[in-house]
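The structure appears below as structure tokens.
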Amino acid sequence: MKLTAKEITLLQFQIASERCVESFRTLYFLYYDSIINFGVQIIKSKEDAEEIYNDLMLKLWDKEKNLLDINNLSYYLFKSMKNRCLNKLKRSNAKLLDPIIDMDFINESRSNDPEERLLHAELLDSLREVIQLMPPKRKLVFILIKDYSLSYKETATILDISVNTIEGHMSAALKQIDAYLKSKSDF
Amino acid sequence: MEYDRFILLLGKKIGRDISNDESIELSDMLLKNEQFRKLHDQLLANSIILNTDNKETEASWYALFYKMKLEGKFSDDGEFDSIISEKNEAIFENADSVFKNKLNITWKTVSLMTLLLACIALVLGINFYKAEGPIVASDALINNIRTEKGSKTHLILPDGSKVWMNADSKLSYDFGAGNSNRTVFLQGEAYFDVAHNEKLPFIIKTGKFSIKVLGTAFNVKAYTADNIAETILYRGKIEVELVDKPGEVLTLKPNEKLVVKNSIVAADNSDLNNLMSSFEIKKLELSEGDSVSIENIWRNNILKFDNQRFELVANDLERHFDVVIHFEQEEIKDYKYSGVVGKESIDEILEYLSLSKKFNYIKKNDTIYIAK
């Protein structure tokens with residue numbers, strides 16, 4: 001399943017109005033890796049992150065029709081995860097020392113999706129390669145904006161940096177990708 | 001520098017944060033510079049991250065799923081059975097499904113399969129009454145779904161595959177645990193977008209052929225009433241086996257269409273045993289500027305026919321409008337028509353057809369008589 005805005009909205013509709021469990025399951029799987037990894041950056045424990053994620057998803061289900069009011073679900077999930085994890089930290093009297101810099105879930109392994117292999121195999125592989133080469137912050141900014149459809153402003157809020165810095169990271173990412181793809185085709 | 005400006009605007013477009021003026025500026029740059037265009041297209045098309053369907057996610061999911069089930073979150077009328085399987089043996093699942101049609105009648109399908117209790121799956125046939133629009137899904141492992149004439153539906157199977165069913169179609173599926181594949185039976189027309197699962201091949205069986213899915217998006221048209229069945233592949237790869245030529249496997253590549261016709265071998269028409277399937281694989285012509293995207297034809301309520309026999313066009317019209325069409329003379333059935341119709345009424349369509357090759361018709365309520 002792809003993470004386009006349209007697919008997400010469709011899932012939201014199916015969950016909110018049709019109470020469709022299968023769509024709920026799809027949504028759960030879609031965000032699992034990224035939200036958990038994100039949370040682990042803050043609270044350091046995978047079990048805790050999983051627990052918080054499950055609570056989050058349960059809350060989504062319980063919203064019923066109100067779920068349709070959320071315009072950018074990705075942003076909502078990242079923000080909620082961040083807040084809950086920070087709260088948990090606070091309650092255990094710990095503090096977040098390191099800024100959130102990395103997203104570990106981008107698999108190094110090659111895609112097994114036959115459709116992807118047939119159509120965009122080389123391009124996707126190259127894109128994933130260059131993203132793995134990026135410095136952590138740049139990688140994070142790029143993925144949040146490109147795949148999770150967060151806006152510059154939303155990304156800035158989640159990561160506690162300015163929009164200008166985001167712009168800088170994005171430009172650097174694009175330039176790096178451009179250079180990498182060009183170098184690959186120069187044979 | 002121009003390059004820096006291009007990069008900045010490209011970023012804004014990806015971040016959907018681009019003003020109208022900036023958008024125009026970017027389009028202009030893309031037109032003038034092929035290198036820019038190339039990067040733009042490469043980036044805008046793809047989603048980068050991989051969707052991992054791993055055991056860990058599965059375990060966490062089931063923890064949540066069963067918790068919610070016990071709390072009664074998944075049933076509208078609060079009544080359900082739940083059987084919790086052994087830890088990590090979450091293969092067998094007891095599922096309730098609730099369907100509502102416009103008349104607010106609730107149909108419940110309950111299917112039970114567990115390792116611990118050998119139960120017989122109970123399946124009730126479901127009728128979708130005028131299921132235009134509503135998206136219905138089921139987590140029952142066995143199910144029958146039927147669309148009436150004049151209505152279509154769109155659903156998601158337990159494995160995440162999406163199916164759009166055209167009018168007057170019937171789909172049955174059996175995804176019970178312990179199966180080595182995902183099998184569906186189709187009579188009618190449906191468009192499939194199959195969820196990837198290498199371990200469980202997706203198989204579609206119709207009266208004339210069965211399809212093993214290796215790719216994802218394709219259309220199958222196999223109404224028993226038509227004596228022709230076809231499948232069009234849009235993305236990926238499928239293997240087709242004809243019912244009366246078992247063992248012979250045909251492979252389709254994207255934009256190929258397989259048409260299976262009955263050719264009558266024996267003199268006696270009613271002897272079905274003598275009907276042999278002939279088939280051909282055609283490459284679809286997708287003409288430039290063809291504004292009707294073939295992929296979405298009937299799903300957008302558009303009917304397209306290409307030098308098609310009147311009898312078959314009439315079958316499609318019957319299904320779409322829920323009418324009955326009689327031909328007074330046999331030869332009219334062989335008239336050929338090409339065209340595209342969308343929001344026209346049945347009268348308008350008949351007028352339009354008659355312009356190209358003349359015929360007379362009378363409409364009486366929901367029945368239409370066609371004569372020379």
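Every value quoted in this text rests on a predicted model; they were computed, and no experiment measured them. Each chain gets a letter, A, B and so on, in the order the sequences are listed, and its residues count up from 1. The figures here come from the full heavy-atom set of this structure, side chains too, leaving out hydrogens, waters and symmetry mates.
For A:W61 and B:F74, the ring centers sit closer than 6.0 Å to each other.
Atoms CD1 and CG, from B:I7 and A:L174 in turn, are 5.0 Å apart once rounded to the nearest 0.5 Å. For the atom pair CG (B:L43) and CG (A:L127), the distance works out to 6.0 Å, reported to the nearest 0.5 Å. For the atom pair A:R19 CZ and B:K73 NZ, the distance stands at 9.0 Å (nearest 0.5 Å).
For A:T9, the side-chain contact (heavy atoms from CB on, under 4.5 Å) criterion is met by no residue, not counting sequence neighbours.
The closest side-chain heavy-atom distance from B:K67 to A:L58 is below 4.5 Å. Taking the side chain as every heavy atom from C-beta outward, B:I14 and A:M170 approach each other to under 4.5 Å. No side-chain heavy atom of A:Y53 sits less than 4.5 Å from a side-chain heavy atom of B:L64.
The backbone N or O of B:W61 sits nowhere less than 3.5 Å from a side-chain atom of A:Y32 that would complete a donor-acceptor pair. A:K182 contributes no side-chain N or O that, together with a main-chain N or O of B:Q35, makes up a donor-acceptor pair within less than 3.5 Å.
No part of A:I166 comes within reach of chain B, as not one of its non-hydrogen atoms sits under 4.5 angstrom from that chain.
A side chain to side chain contact (heavy atoms under 4.5 Å, CB included) with A:E22 is found for exactly one of B:L155, B:I156, B:D159, namely B:I156.
Closest heavy-atom contact between B:G15 and A:Y152: CA-CE1, 4.1 Å. For A:N54 against B:A63, the heavy-atom pair with the smallest separation is ND2-CB, 4.4 Å.
Pairs of residues two or more places apart, or lying in two chains, that qualify as side-chain hydrogen bond (donor to acceptor under 3.5 Å, both in side chains) and include a residue from residues 2-20 of chain B are A:K175-B:D4, A:D178-B:Y3, B:R5-B:E25, B:K12-B:E22, B:K13-B:H40, B:S19-B:E22.
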